[in-house]
Amino acid sequence: MKAIVMVMLKPGVLDPQGKAIGHALQTLGFAGVGEVRAGKVIELELSESDPARARASAEEMARKLLANTVIEGFHVEIAS
Amino acid sequence: MKAIVMVMLKPGVLDPQGKAIGHALQTLGFAGVGEVRAGKVIELELSESDPARARASAEEMARKLLANTVIEGFHVEIAS
Amino acid sequence: MTKREVTPALAREFGLSAEEYGRVLAIMGRTPSFTELGIFSVMWSEHCSYKSSRVWLKQLPTAAPWVIHGPGENAGVVDIGDGLAAVFKMESHNHPSFIEPYQGAATGVGGILRDVFTMGARPVANLNALRFGHPDDPRTRRVVDGVVRGVGGYGNCVGVPTVGGEVNFHPAYSGNPLVNAMTVGIAPRDRIFLSAAAGVGNPVVYVGSKTGRDGIHGATMASAEFDAATEEKRPTVQVGDPYTEKLLIEACLELMATDAIVAIQDMGAAGLTSSSVEMAGKGSVGIELDLDQVPQREAEMTAYEMMLSESQERMLMVLRPDRQDVARAIFEKWELDFAVIGRLTDTGRIVVRHRGAVEADIALDPLAEQAPLYHRPTADTSKLPLLGEVADPAGLVPALLTLIGCPDLCSRAWVWNQYDSTIGGQTVQRPGGADAAVVRIEGSRRALALTTDCTPRYCAADPEAGGMQAVAEAWRNLSAVGARPLAITDNMNFGNPEKPEIMGQFAASIRGMAAACRALDFPVVSGNVSLYNETDGRGILPTPAIGGLGVLEDAGQCVGLALRPGLDLVLVGTASGWLGQSLWLREVAGREDGPPPPVDLAAERRNGDLVRELILAGRVRACHDVSDGGLLVTVAEMALGGDVGATLLDAPAGSVPHCFWFGEDQARYVLAVADADAILIAAESAGVPAQRLGRAEGTHLTLPGGVSISLAELRAAHERFFPAWMGS
Amino acid sequence: MKAGVVVFPGTNRERDIAIALQAASGRRPRMVWHGETELAGLDLVVLPGGFSHGDYLRCGAMAARSPVMGAIRDFAAAGGHVLGVCNGFQILAEAGLLPGALLRNASLRFLSQDCHLRVERADTAFTRHYQPGQVFRAPMAHGDGNYFADPATLDRMEGEGLVALRYASPEGAVVPEANPNGSARSIAGILSPNGRVMGLMPHPEDLVDPLMGGTDGLPLFAGMAEALAA
Ligand SMILES: Nc1ncnc2c1ncn2[C@@H]1O[C@H](COP(=O)(O)OP(=O)(O)O)[C@@H](O)[C@H]1O
Ligand SMILES: [Mg+2]
C-alpha cells in the first residue's frame, strides 16, 4: 500500500520559493497564474494492507517527523 | 482552478533524501516502511476555468520550469 | 540491460575502433563476453587510458626533492614540512555539468574529494575553475546558477571550505562549460595510502553507497535495442549524496588510523571496473569478484551494469584479513555499506562471477599494456602578427569602469558567497582577499597557499605562450601572498584530439607548461585530461587549467591585496604596454587580436623571488599580481579591497598612457609598502625593475592629470554584473 | 568549564567549536556521539553546525529526534546550559527546546559572508563578555537561517527579553539592508525563557584568532568559560 504525504507551509508563513516560482512562470510568459505555493511530497511504501490503518500510521509519521507543525501542515493520501 | 504538480525523481535515480527519511522513520520505530521517495509539490492557482486546458498549461509549466526532466518526472492533478 | 551478441558492430557502438577490437580478440583468444567487452571499452576509453594525451603528458617535469608521489596515484603528494604532506588534484566534470549543471558540478566535487581522502588525507580546501558561455547566451544563466549551487551544495555539506577558483565567460564555452574542481588534503607524510593491491587471498572490500544504474557507459545509451520498458531504467545522471560522502570521509580516516588497509582506491569513472583492474594491475596480482555480494540499490542488475556503474560515494579496499571485523565495525558505526566482494589471487587475471556464472575472465597485463596509445597528428599552431598602434577610444576612467565591471573582471562575490569558505576555522585568506587562498594547518603556524589559473584567450592565440603563462600566473599568485610555490596539478581541457589543430594546441600547451614548470621548479604532480569538448564541431578555447600549491612556514607572514591609507605603491616588473589579447583590447577597443604577452621565465623567477623575500621580511603590507586588465585594474582592486583611494603618478616618460595602464605584461606585482625608497633600492640590488606608482589615500582613485573617480562609483560598477544578471 | 560537543552524522563544525572552546577555557571539550545519552558532569552542551543527516527533509529534523536529544532535554530541564550554533540552532528549534523555526533564506541561496550582530542581552552566561548594544562581526554560512515565529510568539519573546542577537549594520542599526536572510525582526539568536539555552545562526567560533581576521567571536566563549567555570 502506498501513502503519499504532502507537506505545505501553513498559510501565514511566507513562502519565498513559491513566490519565486510564480515570478519565474510569469517571466516565461505563462498568464493567469495566481498564488503559487511550494511544498514537499513523500511517497511511502507501507506493508500495511488496511487503508485506514495505513492512513493513521502515515499521519503519525507526518506529525512525528515529516512535517514541522510550527510552520507546516500536511495531507495524506492512500493509494494501493 | 487549482493545479497540483507533483515532481519526483525518475525511477533509478538516486534519492538520498528518500533514503534518509526511510532510515529515520525506522529509527523512530515505524515498522513496515519500504521504499521512501521524496519529491516536490507545487500548488498553482490558475485563472483558467476549463480543466483540460488548466491541465495542459500546468503540464507545460512542469516541462518548462517546475521539473528538471533530465532527472525528474511529474504528475499533474486538477482540483477546483 | 539485456545482453547482446558481441560483434564488431557492437564493439564500435561501445566506442572501440576496428583495430582496437582486433586487439581485444587477440588478447582474449576468443570472442569476449558482453561484460568483457564492456570492461575493455571503458578501460580503453580516452578517459581511463589517456590514449591520445599520454605521449605528451610524459614531457611534463614531475620531480623535485619535495615531491613524494607524482602523477600515477589518485592524487599528487608533496612534502610541506613538519612531517606533513599535501595531497591534491584537479578534475573535470564538464559534460555532466552541461547535461545537469547542479548534479554534474556536485558529483565533480565529490569525485575529486574521494581522490584525495582515498590517499589518507583529510580534505582541507576546495577550489573550482569555471568557464561558461557568453552571458548573453540564454543557456548560460541556467548553467551558471546550477553549477554554482552544485559546487556549494556538495562542498558546504561535506564541510570542506571552498576557498578559491576562477570564472571566465566566452562564447566558445556555450555548449561546453568547463567545471574543474580541485581538492587539497593534508596527511602525515609517512601515512600515505596507495592503490597497489598485495597479498594473495586478502579480501576485497566494497564500502560506501549502494550500486545503481547510474551513468553506465554512455556509448550503450544510444543502443537501438532500448525499448520503452528499458527507457525507464535507462542509465541515469549521477546524483551526488554529500552526506554519505561526509560519512565516508570520517569512516575511511578512522580506518586509516589502524593498520587494516593494504590498498584503497575510490570508484570513479568506470566504477568497479577501473578500481579493481587498476588495484590488481598495479600490485601485479589477480582479482576475483563475486558480484552477488555487491550492495545493490536496484533489482535485477546485470554483471555488465554493476561493473560499469558510476554510482557515487563508493570505495574499494584490500584489507588485512585479520582486521576485517575492525573495519566492518567502523563502517557500520557510520551507517555505510560494507561488503566483502572478492579476494586477491595469484592468477594475474580478473575473474568476475555473478549468479554462478563467470561473466568475465581477462588477463590483466595485456589489458593494461596493450591499451591503445596514439601519436595523433598535430598541426602547427599559427601565430598572430603583432598589433600595430591602437588608439585610445575611451579615456582612462571610462575604460577602467568598463573593465572592472565586465563579466570577466567584475566581483565574484555572488559566486563565493554561496560557498562556505570559513568552515574549519583555518581560512586565513578567503576568496577575494588575496591572489591565493591561504589555509592554515590546524594546530600549527604553517599554511598552504592555493590558486587556480588559466587565461584561455592567451592559449587560443598562442597555446605555447598560454600554457607557459598559466603556470607562471599560478606561481606568481602563490608568491604574491608570500608562499613558496611547490607544485601544480593541471586540468587539460581541449577539443577533439582527432583534429590535428586541436592536438597541435595540446602539444604546444604542454611545451609551454613544461618550460615554465622547469624554470620555476614547479613540477606537475597530478592532473586530468578532458578531450572532445566540442559542440556542433566547434571546440572550446584550449584551456589548460593550473592548480597551484605553495607553503608558508608562518601563516602570520602572508599578505592580502587590500590597501591601507598612507602606504606607497610600487610596481615590480616591466611595463612595455602589451595590448595583444588584453581585456582592454576586447572590452574597450572591441578587438580580439594580436599575440598574447610573452612570458620571460627568468624575469618571472627573479621578480617573484624578490617579492616573496620582501613579504617574508615583513616589508610589504599588501601585494597583488598584475594580470587580466593590467595595472590600473590591479590598483583599483587593491583600493576596493581596502576601501581606500589612491593617487597615481604619471606614466613614465615615453610610454603611452592607455598602454601603460592597461597592458598585460607578465611577471609583475604591485606592492603597498611603508617605505618605497627602501624597496626600490632592494629591487635595484636584485636586478629587478621597479618603480613608484603612487600613494594610498582618500576616497577616490586619482589618475595623473587630476581626473578622479570615487571608490563608491568604482565599487558599484565592480559589483553590478552578477546580482543584476542572476536576478538577486 | 566542562563542555560537551554533540556530533551527529553529518555534523561538520565540531572541530571549529572545539578550537574556540579550548581557546577560551583551556580545556578540550568532550565529543558526544549522537547515540549517547550520558551527559553527567558537563556544564555546557554545544550543538555545532553542519548538515546533520544531510539536512534532508528539513534542517535538523532528524537529529532533533535522535537519542542524545532526550538527554539534552533532561540536561536543560535540570538547569544545564545548551548552545546551538547554525545547524545546532535548527536542531534545538526542531526539538522544541527553542521557539520558532528556521526557513529557507529569503534569497533562496546559501549565504556565506560576514554579518554584524547587535547584542540585545548581555546578562546571560553566553553574552556576558559583550556590552549591551555592542556590535560584533561573525561569519555566517547557511541556506536556512530565516528565523520565523508567529507574531504572538515574537511579541511574547520580545516582552520576555528572549532575543539575544539581531543582525545589524556595523554601526548597530537594525535595518532591512543588514538582515541577510529575511529573519523575522532581524533575529539572529534567541534564548529559552530561563536564559540557559541559546541558539544562533552565525559562526562566532570561526572568528576567534587574529590570523583568521579577528577575535570578535572570542568573548562568547570566554564568557561561557567564566560563567560556567566549575
Ligand atoms: N569559482 C570561484 N570560486 C571561489 N572563488 C573564486 C571563484 N572564482 C574566482 N574566485 C576568487 O575571486 C578572486 C579573483 O579571481 P581572479 O580574478 O581569477 O584572480 P586572479 O586574477 O588574481 O587569479 C580570487 O580570490 C579567486 O579565488
Ligand atoms: Mg592574481
Side-chain angles (χ1 to χ4, degrees), chain C residues 122 145 148-149 151-163 241-247 249-251 333-336 413-433 438-440 442-443 445 447 554-558 560 562 723 726-728, chain D residues 7-23 33-35 48-57 59 62-63 86-87 105-115 137-144 170 180 202-214 217:
Chain C
R122 177 172 284 281
D145 183 58
V148 170
R149 280 182 198 275
V151 169
Y154 207 98
N156 299 343
C157 183
V158 293
V160 176
T162 301
V163 296
D241 180 0
Y243 168 62
T244 296
E245 179 104 335
K246 166 71 175 158
L247 303 185
I249 294 176
E250 298 305 332
K333 169 184 155 196
W334 289 101
E335 299 175 359
L336 294 164
W414 180 90
V415 176
W416 76 61
N417 280 350
Q418 298 184 57
Y419 301 158
D420 190 340
S421 56
T422 57
I423 185 164
Q426 309 299 327
T427 308
V428 180
Q429 293 291 353
R430 303 185 200 172
V438 176
V439 178
R440 186 180 62 175
E442 194 182 314
R445 294 290 293 179
D554 181 353
Q557 291 180 318
C558 80
M726 299 304 299
S728 85
Chain D
V7 181
F8 300 94
T11 294
N12 62 23
R13 261 189 167 83
E14 72 276 19
R15 300 152 75 86
D16 309 40
I17 284 283
I19 290 168
L21 286 169
Q22 182 157 18
W33 185 238
H34 67 119
F51 288 70
S52 54
H53 297 275
D55 273 354
Y56 296 133
L57 187 62
C59 299
M62 297 179 204
C86 197
N87 197 224
N105 292 344
S107 66
L108 301 175
R109 288 187 191 280
F110 191 93
L111 278 179
S112 165
Q113 60 188 55
D114 280 354
C115 62
R137 190 164 59 95
M140 52 177 242
H142 59 249
D144 300 72
H203 292 289
E205 74 274 21
D206 283 340
L207 208 57
V208 296
D209 186 333
L211 261 186
M212 310 308 142

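Chain letters run A, B, ... following the sequence lines, proteins first and then strands; every chain starts at 1.
- Among residues two or more places apart in sequence or in another chain, the side chain to side chain donor-acceptor pair (under 3.5 Å) test is passed with Thr244(C) by Asp241(C).
- Put simply, of Val158(C), Val160(C), Thr427(C), the one with the most heavy-atom pairs under 4.5 Å next to chain D is Thr427(C).
- For a residue to count as touching a neighbouring chain, one of its non-hydrogen atoms must lie under 4.5 Å from one of that chain's; by this rule Val438(C) does not touch chain D.
- With respect to chain C, the highest number of heavy-atom pairs below 4.5 Å among Met212(D), Glu14(D), His142(D) belongs to Met212(D).
- With a 4.5 Å cut-off on non-hydrogen atoms, Ile423(C) touches chain D through its backbone and its side chain both.
- Heavy-atom distances place the side chain of Pro139(D), and not its backbone, under 4.5 Å from chain C.
- Proximity to chain D (any heavy atom under 4.5 Å) is restricted, for Glu442(C), to the side chain, taken from C-beta onward.
- The candidate from Gln426(C), Gln418(C), Arg445(C), Lys246(C) with the greatest count of non-hydrogen atom pairs under 4.5 Å with chain D is Gln418(C).
- Within the 4.5 Å cutoff, side-chain heavy atoms of Arg109(D) are placed close to those of Asp145(C).
- Relative orientation of the Phe8(D) and His34(D) rings is tilted, given thresholds of 30° and 60° on the angle between their planes.
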Apply side-chain contact (heavy atoms from CB on, under 4.5 Å) to Leu207(D) and Arg137(D), showing your working. CA-CA 8 Å; Leu207(D) 208 57; Arg137(D) 190 164 59 95; 3.9 Å; yes
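- Thr422(C) touches chain D through backbone and side chain together, each having a heavy atom under 4.5 Å away.
- The part of Asp209(D) that comes within reach of chain C is its side chain, from C-beta onward, which places non-hydrogen atoms under 4.5 angstrom from that chain.
- The shortest distance between side-chain heavy atoms of Arg440(C) and Leu211(D) falls below 4.5 Å.
- Taking the six-membered ring for Trp and thresholds of 30 and 60 degrees, His53(D) and Tyr243(C) have ring planes inclined between 30 and 60 degrees apart.
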Which is it for Gln429(C) and Cys558(C) under the side-chain contact (heavy atoms from CB on, under 4.5 Å) test, yes or no, and what are the steps along the way? CA-CA 9 Å; Gln429(C) 293 291 353; Cys558(C) 80; 3.8 Å; yes
